[in-house]
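To start, the structure itself, in structure tokens.
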Amino acid sequence: MNIKVIGSYINKFGELWDKSLTDLMQEGIDGVLVDAGLEPKAIEAIFVANKAGGSFNQQRHLGALASEQFTHFPPATRVEGACASGSLAVVAAQQALLSGLYETVLVLGVEKMTDVSGAETSAILATAASRQKEYGSTFPALYGVLASYHMHRYGTTREQLSSVVVKNHLHALTNPKAQFHKKFTLEEVSNSVPVAMPLRLLDCSPISDGVAALILSTKKSTRQTQLLGFGQGQDTLALADRQDLGQLAATHKAAKQAFNVANLSQKDIQAIEVHDCFSIAEILAAEDLGFFPKGQAAAAIANNQATYGGKVVINPSGGLKACGHPVGATGVKQIAFLANQIETGKFETVLAHNVGGSGATAVVNILGKK
Ligand code: COA
């Protein structure tokens with residue numbers, strides 16, 4: 001693979017009531033072109049990641065909406081895989097580049113979630129769970145099941161779940177694009193309002209609007225960030241059909257494939273952005289990606305092994321928890337953030353992990369300095 005990230009853009013996620021879905025898309029396109037120093041006509045194709053514009057904003061056909069922002073109307077496709085839409089769009093873009101069809105493509109991840117009420121948002125998000133087998137559930141409830149199981153089987157404690165949140169909010173303090181710049185104590189997280197037990201308000205990623213964009217290219221560039229390998233794993237849509245609730249098998253498969261393609265292993269990686277949609281999700285990811293043995297990540301995170309000076313820095317951006325989680329934008333944001341970390345010399349080899357639903361889809365991308 002010889003694909004470089006030659007441009008990246010992330011807006012500050014949040015409740016962006018003064019911006020429409022189209023405004024966000026335009027901001028992402030303008031921002032990434034400026035960052036890459038390219039004219040619009042350099043874009044040969046567009047991959048738009050979006051989970052639910054049809055429901056949140058009554059707007060589908062987002063490929064066409066992105067394409068019409070350009071006078072030359074590049075071919076554009078929307079990619080949807082629930083909260084993994086962003087990294088699936090990055091994978092689709094890489095496949096198109098590897099085929100030799102294009103040399104320079106744009107990936108745009110966007111979601112505008114705050115135009116509807118909280119209850120509607122939860123119901124729209126829940127359409128990514130199994131309608132037939134999980135009807136009436138919300139994602140906090142499904143991840144609550146995973147958290148309860150992990151606590152029962154591995155002895156993971158309430159305080160260890162809280163330590164994930166405390167760390168990620170601390171990391172976000174140095175990320176100007178994060179939705180929340182607020183420190184929390186273990187006690188504040190552990191005593192926050194119950195949402196779906198054992199998960200509480202501060203265990204959950206928030207509802208957010210946002211856009212992130214990348215320009216990927218096989219052409220020569222002075223940029224240093226190269227995409228070294230990707231992997232994708234799938235599992236059953238419904239939790240009830242899983243063999244083992246103590247792991248997300250799709251993450252394990254995606255990681256194995258990505259490490260094989262990149263010809264690297266966990267010890268080569270200094271930082272990872274993982275899909276911490278809920279505190280338990282970061283613990284599962286740290287284990288299923290192979291950075292910590294099963295059942296040991298929670299204690300390791302609580303013992304500062306997932307921050308600077310530890311084994312691997314997990315979620316240096318603040319993660320979904322503190323950066324916000326505009327679902328279709330998240331996977332693109334993870335890679336844009338990590339590319340920026342490489343370009344500014346903070347890390348050399350990093351990994352992004354993005355999950356759709358309660359683990360039915362998982363995507364891993366490995367990036368490194370070339
Ligand atoms: N982290 C930190 N603070 C948060 C927060 C979060 N995740 N979510 C909300 N807050 C803060 C708000 O800023 C607000 O603070 P303020 O009163 O000082 O303004 C307060 O907590 C209440 O926020 P509100 O927006 O009223 O919360 P809510 O009850 O509407 O929603 C959740 C809270 C947890 C239910 C909602 O964010 C949620 O459903 N999250 C999960 C999203 C999800 O499932 N994503 C897909 C994952 S697979």
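Just so you know, ligand 1 is whichever comes first in the structure, and atom 1 is the first atom listed for that ligand.
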Quiz item: So, for atom 30 (O) of ligand 1, does the protein have a heavy atom nearer than 4.0 Å?
Solution: no
Quiz item: Looking only at protein heavy atoms, which one is nearest to atom 10 (N) of ligand 1, and how far off is it?
Solution: F180 CZ, 4.0 Å
Quiz item: Which ligand 1 atoms are under 4.0 Å away from a heavy-atom of I207?
Solution: 36 (C), 37 (O), 38 (C), 39 (O), 42 (C)
Exercise. Number the atoms of ligand 1 from 1 as they appear, then name those within less than 4.0 Å of a heavy atom of L201, with their elements.
Key: 7 (N), 8 (N), 9 (C), 21 (O), 33 (C), 34 (C)
Quiz item: Any N/O of L125 closer than 3.5 Å to an N/O of ligand 1?
Solution: no
Quiz item: Less than 4.0 Å between atom 3 (N) of ligand 1 and some protein heavy atom, yes or no?
Solution: yes
Quiz item: Do E111 and N50 have side-chain N/O donor and acceptor atoms under 3.5 Å apart?
Solution: yes
Quiz item: Heavy atoms, side chains only, cut-off 4.5 Å: are D209 and L21 in contact?
Solution: no
Quiz prompt | Side-chain touch T361/V355, heavy atoms, less than 4.5 angstrom | solution = no
Self-check item: Check: H171/S317 side-chain N/O donor and acceptor closer than 3.5 Å
Solution: no
Self-check item: Option set S205, G359, G356, S192, criterion heavy-atom distance to atom 40 (N) of ligand 1, minimum
Solution: S205
Quiz item: Got a protein heavy atom sitting under 4.0 Å from atom 12 (C) of ligand 1?
Solution: no
Quiz item: Protein heavy-atom contact under 4.0 Å for atom 47 (C) of ligand 1?
Solution: yes
Practice problem: Kindly indicate whether atom 17 (O) of ligand 1 is approached by any protein heavy atom to under 4.0 angstrom. | Solution: no
Exercise. Check whether any side-chain heavy atom of F230 lies under 4.5 Å from a side-chain heavy atom of V364, and answer yes or no.
Key: no
Quiz item: With a 6.0 Å cut-off on ring centres, are H275 and H325 close enough?
Solution: yes
Quiz item: Got the closest protein heavy atom to atom 7 (N) of ligand 1, with its distance?
Solution: C204 O, 2.5 Å
Quiz item: Any side-chain donor-acceptor pair under 3.5 Å between T138 and S122?
Solution: no
Quiz item: Is the closest side-chain heavy-atom distance between F70 and L106 below 4.5 Å?
Solution: yes
Quiz prompt | No-hydrogen, no-angle side-chain donor-acceptor test under 3.5 Å, E282 and N168 | solution = yes
Practice problem: Report, in ascending order of atom number, the atoms of ligand 1 lying under 4.0 Å from any heavy atom of K321. | Solution: 1 (N), 2 (C), 6 (C), 7 (N)
Exercise. State, without any angle test, whether R131 and T127 hold a side-chain donor-acceptor pair at a distance under 3.5 Å.
Key: no
Quiz prompt | Structural part of L202 in contact with ligand 1, heavy atom criterion under 4.0 angstrom | solution = side chain
Quiz item: Can you tell which part of P206 has a heavy atom less than 4.0 Å from ligand 1: side chain, backbone, both or neither?
Solution: both
Quiz item: Got a protein heavy atom sitting under 4.0 Å from atom 44 (O) of ligand 1?
Solution: yes
